[in-house]
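Fair warning: this is a prediction, and the values are worked out from it, not measured in the lab. For this chain, numbers begin at 1 and follow the sequence in order.
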Amino acid sequence: MRPGWIVPLAILTAAGLPARPTLTAQEPGIHVGAIAGQVFDQDTRKWIAGVEITVDEMEPVITDVEGHFRIDGIPVGWHRIITRRIGYETRVDTIAIPTNSVLALRVALAREPVALEPLTITVRSATLERNGFYARSQQGYSGVYLDRARIEAMRATTVTQLFRNMTGIRVIYDGLYGARLMINQVVSLSDPNHEVGGCEPSYWIDGVRSTMTTPDMMRLDELEGVEVYRRAGAPGKFIHSCGTILFWTRVPVR
């Protein structure tokens with residue numbers, strides 16, 4: 001047997017199948033036949049249940065637990081037979097139906113490789129995951145989120161340099177203990193030059209409010225992540241009228 005081909009075992013007369021009704025013409029001058037057979041796995045040679053068999057536009061039939069199927073009342077002549085099942089390649093064959101006879105078939109199906117979406121792997125920080133960093137970044141908060149990879153990519157030399165190109169934040173180099181951060185504030189909505197003004201955000205380290213005068217009191221290599229919220233855009237207990245900056249350390253400070 002050639003793989004993938006329908007093999008006619010024999011053309012059986014209805015009289016040779018006592019368990020089946022004898023086929024007769026449906027209308028004068030119109031002769032019919034039938035097909036009966038089994039469907040099996042081309043590789044394992046096991047019978048396949050649940051296979052849908054369709055002849056032209058006729059109602060499909062489904063194979064039983066042993067792969068058996070039968071379709072009666074097929075007009076004599078050439079027809080297209082479609083065999084399909086999930087996990088197998090759909091096959092289409094052309095067969096000829098003899099008059100008032102049963103065409104016995106064995107149908108082999110080849111397994112079809114199932115195309116799956118590629119597996120996407122994202123490595124996340126356990127510290128940031130535990131503290132809700134990723135959840136907040138996906139919940140629509142209007143913040144800026146820097147994980148360790150982004151921090152390293154910015155090639156800053158001090159913590160305050162991470163903020164030098166952020167919209168709405170200024171780095172002020174007049175502090176006694178180092179650079180300070182200022183959140184730009186709008187003085188008046190009617191002022192077309194609403195530029196002046198500013199205030200210092202609140203700082204939080206690993207979920208605890210900090211009184212540090214400048215973020216440069218921290219080291220870049222100890223940061224695992226940073227969240228920046230301008231004005232009162234921070235979630236929950238972190239809300240501050242000026243703005244909030246959350247620092248998450250690689251080895252949490254307690």
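- A donor-acceptor pair is defined here as one N or O able to donate and one able to accept, closer than 3.5 Å; such a pair exists between the side chain of D216 and the backbone of V159.
- Atom CE of residue M182 and atom SG of residue C199 lie 6.5 Å apart, to the nearest 0.5 angstrom.
- Scored by the salt bridge (charged side-chain N to carboxylate O under 4.0 Å, His left out) test, R85 finds no partners at all (sequence neighbours excluded).
- Side-chain contact between V39 and I53: present, with at least one pair of heavy atoms (C-beta onward) separated by less than 4.5 Å.
- Here S210 pairs with Y203, I205, M212 under the side chain to side chain contact (heavy atoms under 4.5 Å, CB included) rule; sequence neighbours left out.
- Partners of V55 under the side chain to side chain contact (heavy atoms under 4.5 Å, CB included) rule, at least two apart in sequence or in another chain, are I35, M58, I71, I74, H79, I81.
- With T83 as reference, V51 is the one residue of T63, T54, L105, V51 to meet the side chain to side chain contact (heavy atoms under 4.5 Å, CB included) rule.
- The shortest heavy-atom contact between I183 and C242 is CG2-O, 3.6 Å.
- Considering only heavy atoms from C-beta on, N184 comes within 4.5 Å of R170 through its side chain.
- Here the closest heavy-atom approach between residue T160 and residue P215 is recorded as CG2-CD, 3.9 Å.
- Residues that satisfy the salt bridge (charged side-chain N to carboxylate O under 4.0 Å, His left out) test with R230, not counting sequence neighbours, are absent from this structure.
- In this structure the side chain of I245 reaches within 4.5 angstrom of the side chain of F247, judged on heavy atoms.
- Considering only heavy atoms from C-beta on, H240 comes within 4.5 Å of R209 through its side chain.
- Although no hydrogens or angles enter the test, the distance criterion places a donor-acceptor pair under 3.5 Å between the side chain of T214 and the main chain of A179.
- Hydrophobic clustering places Y173 together with M218 (ILVMFWY residues linked when any side-chain heavy atoms are closer than 4.5 Å, directly or through intermediates).
- Counting heavy atoms from C-beta on, the side chains of M166 and L146 come closer than 4.5 Å.
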Q: Check the pair V102, R70 against side chain to side chain contact (heavy atoms under 4.5 Å, CB included), reporting the backbone distance first and the verdict last.
A: CA-CA 9 Å; V102 178; R70 178 177 176 117; 3.7 Å; yes

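- T90 is linked by a side-chain hydrogen bond (donor to acceptor under 3.5 Å, both in side chains) to nothing, counting only residues two or more places apart in sequence or in another chain.
- One hydrophobic cluster, built from ILVMFWY side chains closer than 4.5 Å, holds both M154 and I169.
- The salt bridge (charged side-chain N to carboxylate O under 4.0 Å, His left out) pairs that include a residue from residues 52-67 are E52-R84, where partners are two or more places apart or lie in different chains.
- For the pair D206 and W248, the minimum side-chain heavy-atom distance is below 4.5 Å.
- Listed by first then second residue, pairs satisfying salt bridge (charged side-chain N to carboxylate O under 4.0 Å, His left out) with a partner in residues 151-168 read R148-E152, not counting sequence neighbours.
- Residue I82 belongs to a hydrophobic cluster whose other members are V92, with links defined by side-chain heavy atoms closer than 4.5 Å.
- Note: F133 CZ to E227 CD = 5.5 Å, rounded to the nearest 0.5 Å.
- With a 6.0 Å cutoff to the six-membered ring centre and a 45° limit on the axis angle, R136 does not count as a cation-pi contact of Y145.
- Across all their heavy atoms, L103 and A96 have their closest contact at CD2-O, 3.7 Å.
- Partners of A156 by side chain to side chain contact (heavy atoms under 4.5 Å, CB included), not counting sequence neighbours, listed by chain and number: Q161, L162, L220.
- N131 places no side-chain N or O within donor-acceptor distance of the main-chain N or O of G207, the cut-off being under 3.5 Å.
- Hydrophobic clustering, with ILVMFWY side chains joined whenever heavy atoms are under 4.5 angstrom apart, groups F163 together with M217.
- E224 and S125 form a side-chain donor-acceptor contact under 3.5 Å, judged by distance and modelled atom types alone.
- Residues that satisfy the salt bridge (charged side-chain N to carboxylate O under 4.0 Å, His left out) test with R111, not counting sequence neighbours, are D41.
- Shown here are the ring pair (Phe, Tyr, Trp, His ring centres under 6.0 Å) partners of F238, two or more places apart in sequence or in another chain: W204.
- Considering only heavy atoms from C-beta on, I172 stays 4.5 Å or farther from L181 through its side chain.
- Listed for the S101 side chain is a donor-acceptor partner under 3.5 Å among the backbone atoms of T99.
- When every heavy atom of G33 is checked against every heavy atom of I97, the shortest pair comes out as CA-CG2, 3.6 Å.
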(Q) Evaluate L246 against Y229 for side chain to side chain contact (heavy atoms under 4.5 Å, CB included), listing each step before the verdict. (A) CA-CA 9 Å; L246 309 181; Y229 301 94; 4.1 Å; yes

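- Checked against side chain to side chain contact (heavy atoms under 4.5 Å, CB included), R124 has the following partners two or more places apart in sequence or in another chain: T122, E129, Y134, Q138.
- Between I239 and A234 the shortest heavy-atom distance is CG1-O, 2.8 Å.
- In this structure, the separation between CD on E222 and CZ on R250 is 10.5 Å, given to the nearest 0.5 Å.
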